[in-house]
Amino acid sequence: MFDAPDSDADLLARAQALTGRTLGEIARVLDQSVPADPLRSKGWIGELLETALGASAGNLPQPDFLALGIELKSVPIARGRPRESTFVCSAALAGEGVGWAACRVRHKLAKVLWVPVEAEGSLTDRRVGAARLWSPSLDDEALLAADWEELDALLRLGQHWEIEARRGRVLQLRPKGADGRATTWALDESGEWIRAKPLGYYLRASFTARILEPLQ
DNA sequence: ACATGATCATTG
DNA sequence: CAATGATCATGT
């Protein structure tokens with residue numbers, strides 16, 4: 001649709017141009033129609049923003065802005081706070097065992113453009129807020145690393161069934177499947193390969209609220 | 001099945 | 001009403 005942004009500043013300028021616009025306005029410029037059924041259009045806002053900002057990755061396992069190493073995340077905002085957690089990536093149910101420094105969560109979160117979007121009202125009338133380019137602070141990184149190491153250790157021990165969303169202060173594991181029948185490979189406690197429900201890493205809404213707070 | 005994009009629906 | 005567990009769409 002559009003060329004990829006050629007610098008952080010270029011990307012930020014494009015994002016700023018969207019600030020205050022409604023999704024209906026953006027869709028019209030892109031010659032797209034706004035979905036009639038929000039229930040069946042869960043990823044539409046993120047995809048619209050990708051197109052509007054010149055993201056390139058599509059659904060390939062790459063950063064949205066490959067040349068800049070930047071990931072795009074839209075955040076639904078209600079009453080001034082993120083209403084939902086943020087999906088990061090799927091979890092290997094046998095664990096990665098590579099350490100925080102080399103894990104997929106850290107790579108995903110190295111540099112993120114957060115774009116707040118109103119979470120209430122009709123899709124057409126929701127407004128885009130001021131975007132923010134973020135990388136984890138040392139404190140953020142320490143919290144994320146501690147949670148990830150704990151969760152990955154449990155996965156490697158074959159204790160994935162004990163993992164509930166309550167674990168993790170800022171990073172959690174939750175179901176991530178097409179439906180209740182989806183399965184993936186996992187280890188059990190005796191180290192045997194079994195099928196289990198897929199899980200994904202998510203950032204808690206309380207964490208994204210804190211990292212977006214400097215927006216105020 | 002798993003990557004991309006997330007929000008929905010039920011529970012406590 | 002927030003948090004947890006479940007689900008929806010699309011492309012490879």
Side-chain angles (χ1 to χ4, degrees), chain A residues 1 4 18 23 26-27 30 32-66 69-94 96 103-105 107-109 112-123 126 128-129 131 147 151 155 160-186 193-210 212:
Chain A
M1 194 73 199
L18 298 180
L23 300 180
I26 296 169
L30 298 178
Q32 289 193 24
S33 54
V34 178
D37 182 4
L39 207 150
R40 296 189 173 276
S41 313
K42 295 182 182 179
W44 180 75
I45 296 175
E47 288 160 4
L48 182 77
L49 294 175
E50 285 184 350
T51 303
L53 293 171
S56 52
N59 52 12
L60 298 175
Q62 293 175 350
D64 294 296
F65 305 100
L66 186 56
I70 294 175
E71 183 71 20
L72 173 64
K73 287 292 182 191
S74 66
V75 193
I77 303 290
R79 280 166 277 116
R81 308 194 78 248
R83 187 156 91 169
E84 298 287 348
S85 55
T86 298
F87 174 71
V88 180
C89 62
S90 63
L93 291 197
E96 287 183 71
C103 78
R104 297 169 60 209
V105 171
H107 286 142
K108 275 276 180 185
L109 297 179
V112 180
L113 183 73
W114 298 98
V115 183
V117 179
E118 290 176 348
E120 294 166 309
S122 72
L123 281 176
R126 295 184 194 181
V128 175
D147 286 346
L151 295 169
L155 294 176
H160 47 88
W161 67 85
E162 283 208 12
I163 296 178
E164 300 170 286
R166 355 186 104 71
R167 284 191 189 271
R169 288 200 287 171
V170 298
L171 187 70
Q172 61 181 170
L173 281 165
R174 298 227 309 280
K176 171 63 171 177
D179 53 44
R181 288 147 306 218
T183 64
T184 190
W185 290 107
W193 287 101
I194 60 170
R195 304 295 294 186
K197 294 191 176 190
L199 299 174
Y201 284 102
Y202 294 77
L203 297 178
R204 293 187 178 279
S206 54
F207 180 68
T208 53
R210 279 186 0 236
L212 291 174

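The shown structure was predicted, so the numbers you read here are calculated from the model rather than taken from an experiment.
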Compare the minimum distances between each of B:dT4, C:dA6, B:dA1 and the side chain of A:T183, then state the nucleotide with the smallest one. B:dA1
Looking across every strand, which nucleic acid part, if any, lies under 4.0 Å from A:R174 by heavy atom: base, sugar-phosphate, or nothing? base
Between B:dA1 and A:R195, is there an OP1 or OP2 to side-chain N/O distance shorter than 4.0 Å? yes
5' precedence on DNA chain B between A:L49 and A:R181 (nearest-nucleotide basis): A:R181
A:L60 atom CG is separated from C:dT10 atom P, nearest whole Å, by 18 Å
Just N and O in the side chain of A:S41: are any of them under 4.0 Å from OP1 or OP2 of B:dA6? no
Does A:Y202 contact C:dA3 through a side-chain donor or acceptor facing the base, at a distance under 3.5 Å? no
For A:A165, is there any backbone N or O sitting under 3.5 Å from a side-chain donor or acceptor partner on A:Q172? yes
Quick check for you: among B:dG5, C:dT4, B:dT7, whose closest atom lies nearest to any side-chain atom of A:R166? C:dT4
Out of B:dG5, B:dA3, C:dA3, whichever nucleotide has its closest atom nearest the side chain of A:D64: B:dG5
So for atom CZ, which belongs to A:R195, do other residues, nucleotides or ligands contribute more than 12 heavy atoms lying within a distance under 6.0 Å? yes
Taking the side chain of A:T184 as heavy atoms from C-beta outward, which of B:dA1, C:dC8, B:dG5 is closest to it? B:dA1
Starting at atom CG of A:L93, determine the distance to atom C1' of B:dA1, rounded to an integer number of angstrom. 13 Å
When all nucleic acid strands are considered with a 4.0 Å heavy-atom cut-off, which category describes A:Q62: base, sugar-phosphate, or nothing? nothing
Between A:N59 and A:K42, whichever has its closest DNA chain C nucleotide further toward 5' is A:K42
Taking only N and O in the side chain of A:S85, is any of them less than 4.0 Å away from OP1 or OP2 of B:dA6? no
Roughly how many Å is it from CZ in A:F87 to P in B:dC2, rounded to a whole number? 12 Å
May I ask you to say what A:T86 touches in the nucleic acid, namely base, sugar-phosphate or nothing, with a heavy-atom cut-off under 4.0 Å? nothing
Do the side-chain N or O atoms of A:Q172 get closer than 4.0 angstrom to the phosphate oxygens (OP1, OP2) of C:dT4? yes
What is the distance from CZ of A:R81 to C1' of B:dT7, rounded to the nearest Å? 18 Å
Separation of C:dT10 P from A:L48 CG (nearest whole Å): 15 Å
Given DNA chain C, 5'-ward residue of the pair A:I163 and A:R79, judged by closest heavy atom: A:R79
Within the 4.0 Å heavy-atom criterion, would you say A:R167 contacts the bases, only the backbone, or no part of the nucleic acid? nothing
I'd like to check A:V117 versus A:L49 (side-chain heavy atoms, cut-off strictly below 4.5 Å). Are they in contact? yes
Remember a base hit wins even if backbone is also touched, and classify A:G43 as base, sugar-phosphate or nothing at under 4.0 Å, heavy atoms. base
Rounding to an integer number of Å, can you tell me how far A:Y201 OH sits from B:dA3 C1'? 17 Å
Between CG of A:D179 and P of B:dC8 the distance, given in whole Å, is 18 Å
Side chain to side chain, A:Q32 and A:W44, heavy atoms closer than 4.5 Å: yes
For a quick check of understanding: with a heavy-atom distance under 4.0 Å over all strands, which category does A:P198 fall into, base, sugar-phosphate or nothing? nothing
Would you kindly give the CG-to-P distance between A:L173 and C:dA6, to the nearest whole Å? 14 Å
Distance-only side-chain donor-acceptor flag, A:S85 / A:R174, under 3.5 Å: yes
Select from A:P61 and A:G46 the residue whose nearest nucleotide in DNA chain B is closer to the 5' end of that strand. A:P61
Below 4.5 Å, heavy atoms only, C-beta onward: do A:L53 and A:L113 meet side chain to side chain? yes
Using a cut-off of strictly less than 4.0 Å, decide whether A:S74 has a side-chain nitrogen or oxygen near OP1 or OP2 of B:dA6. yes
For the side chain of A:S56 and the backbone of A:D64, is there at least one donor-acceptor N/O pair under 3.5 Å apart? yes
Pick base, sugar-phosphate or nothing for A:K176, based on heavy-atom distances below 4.0 Å to the nucleic acid. base
